[in-house]
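As a basis for the values below, the full set of heavy atoms in this structure was taken, side chains included, without hydrogen atoms, waters or symmetry mates. A, B, ... follow the sequence lines: proteins, then strands. Residue 1 opens every chain. As the structure is a computational prediction, the values presented were derived from the model and not from experiment.
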2 protein chains.
Amino acid sequence: MPDQRITLKDIAQRVGVSTGTVDRVVHKRGHVSAEIRDRIEHAMKEMGYAPNLAARSLANNNKPFRIAIILPDYRQDPYWAQPKEGLERAAESVRHYNVQTEFFSFSMFQPRDFLESVDKALESGPGAVLAAPLFLEEAKILLKGCQLQNIPLVFINTDIEGADILSYIGQDSYQSGVLAGRLLNFGLSDGDHAMLVNLDKEVSNARHLQDKERGFKDYFNGIDKKSIQIHTAVLENFDQPDFMREWAKKQFEQIPRLNGFFVTNSRAYKLVEALDAAVQDRVKIVGFDLIEPNLKLLAQGKIRFLINQNAWHQGYLGILTLVNKMLMSKEIPRTQYLPLDIIVKENVEYYLKRTLELPMVIV
Amino acid sequence: MPDQRITLKDIAQRVGVSTGTVDRVVHKRGHVSAEIRDRIEHAMKEMGYAPNLAARSLANNNKPFRIAIILPDYRQDPYWAQPKEGLERAAESVRHYNVQTEFFSFSMFQPRDFLESVDKALESGPGAVLAAPLFLEEAKILLKGCQLQNIPLVFINTDIEGADILSYIGQDSYQSGVLAGRLLNFGLSDGDHAMLVNLDKEVSNARHLQDKERGFKDYFNGIDKKSIQIHTAVLENFDQPDFMREWAKKQFEQIPRLNGFFVTNSRAYKLVEALDAAVQDRVKIVGFDLIEPNLKLLAQGKIRFLINQNAWHQGYLGILTLVNKMLMSKEIPRTQYLPLDIIVKENVEYYLKRTLELPMVIV
DNA sequence: CAATATGCCGTGTGCGCACACGGATAAATT
DNA sequence: AATTTATCCGTGTGCGCACACGGCATATTG
């Protein structure tokens, strides 16, 4: 632990030059003779120089670092409120580095709206872009735009394979499916049946869904201790209670030992609502996301496990990633998967608090 | 989102005084007339002034903030390596605020050694103290010392009820016991038996153990769906494989339907080693901590769940708490419980990586 | 009334860094 | 030899804040 922090001045004195010259070397701005450059670089290593970020940010304070954020409208789907919150929280915690954020929201059902946001965002001349690229073709235009302007781009939630971006931050859908299988299996008995239920109208998450399904089935194929039979259901009419109840009733008639459900998104509560009280207590349900209706059912024991995708963290890490890269010149991994938190009634409160309290910023 | 950051100068101009006067109000250093003080405070609220931490830390950079850390020697118990790591990591991330840390380790079996560390720590004239107060009486001396020197004190791992400290950071032992009960119960059937196993020689964790046991039993008393019978075992000879095997054999003879174990500390692997191969696959074991031997058995399915106490975070949060209080003048809650992470084979890697990658500091 | 004390407030300096600007030297050109 | 050009390097200023210092009033005292 170095007692005294090494400053530009220190190594300038050591080498016998001015701080300006050292600064030129630090920023590789040229106009320094090879010999002196070598001596400075050598001295920096030897003395263990590390720039004082506080001072750096102060000195840079005239030019803000602006991040354009392209996100679906959270009023269309409450899911997007979570990344948004994380983004806002992160923005708040790096305000002191003069980081500014600007939101460009779009309708998650209209690719053209996305494009419009892309245009607006790029025209605003940002220092970096963070986006949820729901539409593949349109996202490629964003990609090109960022390359042209030579600014870093971060994707959250949805990745585009092979895209030349700074980083992708999201869930590991496949692994979350595997995890769901694991949790369900733990509570099921030999000979039981389980069902994967997809309650969704759109296919915007098609890829995530596929991966989850694959992971879920792979898990059950991989075990040999018990025999659990897996079924699959896709229901677009999850908003019609009557339809749902009817559907559920039929399932149990056809599959008496149907004892487990895996709801692949945050709508597990919709499934519970469709079940009779007695059934609610018997079947094991695994779902996603700590949203209010799910939490209530978790507390009642009617949802056994919730897997927390940590959507909040997507936004948070997104900002931190950009700040780490651009202001702290850190190396960033191409892919950053978020932890898959397992939530039950007994530990849920810590996860709810964590997003509120945990203080953090930059290293 | 305020486009332009508000500075001291801004509000000085607005009120019509100098920055020095505003600064005096900010730091409550007096020598300001009541009227001007009010006007300044009003303007600060109205304009939403927030100090620029970078500038503040720069201006304070001559006087480091030194934190004395009193911790058990991690060579005696690998557990303590985790908080230590968290402490070091946190120290690293706040280095730029000129925060320095100094470790004073002690033997976890010798109260007098602890006292010696306390003396050394207090004599070094720290700006704050962080300690793991394993010994009640001796800890009281530390308490008095800090009160005398008027410096904040943070406890980790072990709390002392009613002690006047800044904050306690640790696990919620009771709740972790409840959680263990929940997890075990999920995999057990009506009529099964479960056993709480305490593999420990010392009673230094007596309190934590009691709480865990209470939580565990409370859980099973609270359910009415199944009937699970609970047993308890305290084994000090966990280091003798022959003894352990013999003991285990006897248990299964006496309790044929013994299908679940809750190991109250990180030594779940010791229990697994004492079981026959067939039994290893059958019984459900819930333990604590992501240590190497446990992880291996988790991957093999021989430990079903590990509850992660996040000992790493104790250290990390400890430093952040002190920095938040002293440098950012934030309010700090008296008790900070750490999340109870549920770890299975399928999500373990995220938790191992998380401690390595997650970048953070201060808000 | 002068001398001193007291309350209030502005000014100046430095923290470490970034960067524009200009000065110095040597090399190349006229 | 005088001038230009290129190369290399030092200096100065400001970022927002903390704080010592000193100045200017007004109040207090001899």
Does a side-chain N or O from [X] land closer than 4.0 Å to OP1 or OP2 of [N], or not?
{"X": "A/Thr7", "N": "C/dG16", "result": "no"}
{"X": "A/Tyr49", "N": "C/dC17", "result": "yes"}
{"X": "A/Arg56", "N": "C/dG16", "result": "no"}
{"X": "A/His27", "N": "C/dA18", "result": "yes"}
{"X": "A/Ser33", "N": "D/dC9", "result": "yes"}
{"X": "A/Thr21", "N": "D/dG10", "result": "yes"}

As a test of reading the structure: which of C/dC15, D/dC15, D/dC9 is closest to the side chain of A/Ile36, going by heavy atoms?
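Of the candidates, D/dC9 comes closest.
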Using whole Å, what does the distance between atom [atom2] of nucleotide [N] and atom [atom1] of [X] come to?
{"X": "B/Asn60", "N": "C/dG16", "atom1": "CG", "atom2": "P", "value": "12 Å"}
{"X": "B/Lys9", "N": "C/dG10", "atom1": "NZ", "atom2": "P", "value": "15 Å"}
{"X": "A/Asn52", "N": "C/dG16", "atom1": "CG", "atom2": "C1'", "value": "6 Å"}

Donor-acceptor pair, side chain of B/Ser117 and main chain of B/Ser105, under 3.5 angstrom
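Checking the backbone N and O of B/Ser105 against the side chain of B/Ser117, a donor-acceptor pair under 3.5 Å is found.
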Along DNA chain C (nearest heavy atom to each residue), the more 5'-positioned of A/Pro51 and B/His31:
B/His31
Starting at the 5' end of DNA chain C, which residue's closest nucleotide do you reach first, B/Val32 or B/Ala55?
B/Val32
Sugar-phosphate only, base, or nothing, as touched by B/Asp23 at under 4.0 Å among non-hydrogen atoms
base
Answer with base, sugar-phosphate or nothing: what part of the nucleic acid does A/Val17 contact at a heavy-atom distance below 4.0 Å?
sugar-phosphate
NE2/A/His27: more than 12 non-hydrogen atoms of other groups inside 6.0 Å:
yes
Please determine whether the number of non-hydrogen atoms from other residues, nucleotides or ligands lying under 6.0 Å from atom CZ of A/Arg29 exceeds 12.
yes
B/Arg89 bridged to B/Glu85 by N-O distance under 4.0 Å
no
Before accepting this row, confirm whether a basic side-chain N of the pair A/Glu88/A/Lys84 lies closer than 4.0 Å to the acidic partner's carboxylate O.
yes
